[in-house]
Amino acid sequence: MEMRLRIRIGHGLVYALLLAIVVFAVFPSLWMVATSVKPSNEVFTSPPRWLSSNPTFASYHKVVFESSIPKAFVNSAIVTICTTVLTLMLSILAGYGFSRYRFRGARPLSTAMLFGQMMPGVVIVMPLYTMFSKMHILDKYIALIIANMAITIPLGVMMLRSFFQTVPTELEEAAKIDGTTGLGALFRIILPISMPGITAVSVYTFLHTWEEFLFALNFTNSADVKTLPIAVHEFSGEFTIDWGSMMSASTVVSIPVLLIFILCKKYFIRGLAEGSVKG
């Protein structure tokens, strides 16, 4: 009886801890949404109110029709889609090469991929800026795409290599006996089996690129190329901050991320669990 009581108390403490973590993680998002529909005179009320007594969507109207958010949304979509597609293409080919072929320098290259993933973006900002300036591609989509790929490709290659290594080579050999080429076996046999890993890499690349701020701040100047994080930051002035509009814009920015994660959650978690650990 005493043992059961201890087990129940232990389970209760674990559930209480998990609930506290969930509340801690979700509270900022809920407060962001609640603040986005508050009039300006209720944003700084003391004590703070969770729900507004006079909710308004004026901030959303300003964000959608009177700001640079719509153009920045299109810019972010272009950069994110291009980065995700190119990252997938290169990661699939490189990951397949590392997993199936033995060649001189394979281990140092794998280690270099690991170092590339560990390196923070702030370290490569200045070298990339100098290179892009000499190439005359600053303030263009291609600069943001290349910069983001420098961060997303290393993890993509490592994850997909781990997935490809779990696929039996006998499946490829059987396909080649039937007349399929090496690339044909890759696209017809290996990729369908490795869809969780591909989905995980796609979601990771999408989330990173969609929310990336440092490269967008340094490599763009005009509104024609600026992405959503920069456009949201523009609601913060030198002396005042339009909190209602900033929270509304942040909510708009978060919607695609939330939808992507909800739709791909199953494969994303499975891909991270199976791919990144086995490598």
Side-chain angles (χ1 to χ4, degrees), residues 25 79-124 128 145-178 180-212 215 256-279:
V79 173
T80 301
I81 292 174
C82 292
T83 302
T84 303
V85 171
L86 292 175
T87 296
L88 273 181
M89 292 174 56
L90 296 177
S91 297
I92 288 172
L93 295 176
Y96 180 74
F98 279 119
S99 66
R100 287 295 188 266
Y101 300 102
R102 299 293 178 263
F103 53 90
R104 182 176 299 178
R107 186 175 295 274
L109 286 176
S110 299
T111 305
M113 286 289 177
L114 180 61
F115 283 128
Q117 178 60 31
M118 295 170 57
M119 187 176 300
V122 67
V123 175
I124 61 176
L128 287 178
I145 294 171
I146 294 175
N148 284 302
M149 287 171 59
I151 302 296
T152 58
I153 284 180
L155 181 62
V157 173
M158 290 188 294
M159 287 186 62
L160 292 180
R161 180 193 63 180
S162 301
F163 258 91
F164 295 155
Q165 287 175 343
T166 63
V167 179
T169 56
E170 290 78 8
L171 296 177
E172 294 178 71
E173 294 173 356
K176 291 179 181 179
I177 292 175
D178 292 337
T180 303
T181 62
L183 285 178
L186 170 64
F187 286 102
R188 295 180 182 179
I189 305 298
I190 298 180
L191 292 189
I193 299 176
S194 304
M195 280 307 298
I198 295 173
T199 303
V201 173
S202 301
V203 174
Y204 161 75
T205 304
F206 180 92
L207 296 180
H208 167 82
T209 309
W210 187 263
E211 300 174 350
E212 201 284 321
F215 295 149
V257 176
L258 182 62
L259 292 177
I260 289 293
F261 189 79
I262 290 176
L263 294 175
C264 304
K265 178 181 65 174
K266 176 181 177 181
Y267 294 105
F268 180 66
I269 296 176
R270 180 182 171 188
L272 289 179
E274 295 182 3
S276 58
V277 174
K278 291 182 180 179

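Bear in mind the structure is a predicted one, so any value in this text is a computation, not a measurement.
- For T152, the side chain to side chain donor-acceptor pair (under 3.5 Å) criterion is met by T87, not counting sequence neighbours.
- Summarising the geometry, atom CD1 belonging to I151 is positioned 13.5 Å from atom CD1 belonging to I146; distances are rounded to the nearest 0.5 Å.
- The closest side-chain heavy-atom distance from L160 to I198 is below 4.5 Å.
- A distance of 14.0 Å separates CZ of R161 from OG of S194, quoted to the nearest 0.5 Å.
- Atom-to-atom distance recorded for F215:CZ and I124:CD1 is 4.0 Å, nearest 0.5 angstrom.
- Expressed to the nearest 0.5 Å, how far OG of S91 lies from CE of M158 amounts to 10.0 Å.
- A distance of 8.5 Å separates CD1 of I81 from CH2 of W210, quoted to the nearest 0.5 Å.
- Looking at residues two or more places apart in sequence or on another chain, you find no ring-ring contact (aromatic ring centres under 6.0 Å, His included) involving F164.
- Using a 4.5 Å cut-off on side-chain heavy atoms (C-beta onward), V79 and E212 make no contact.
- Between the S99 side chain and the Y96 main chain, a donor and an acceptor come within less than 3.5 Å of each other.
- Contact between F163 and P196 at its shortest, heavy atoms only, is CZ-CB, 4.0 Å.
- Atom-to-atom distance recorded for L86:CG and M149:CE is 5.0 Å, nearest 0.5 angstrom.
- With contacts defined as side-chain heavy-atom distances shorter than 4.5 Å, the pair T205/L88 does not qualify.
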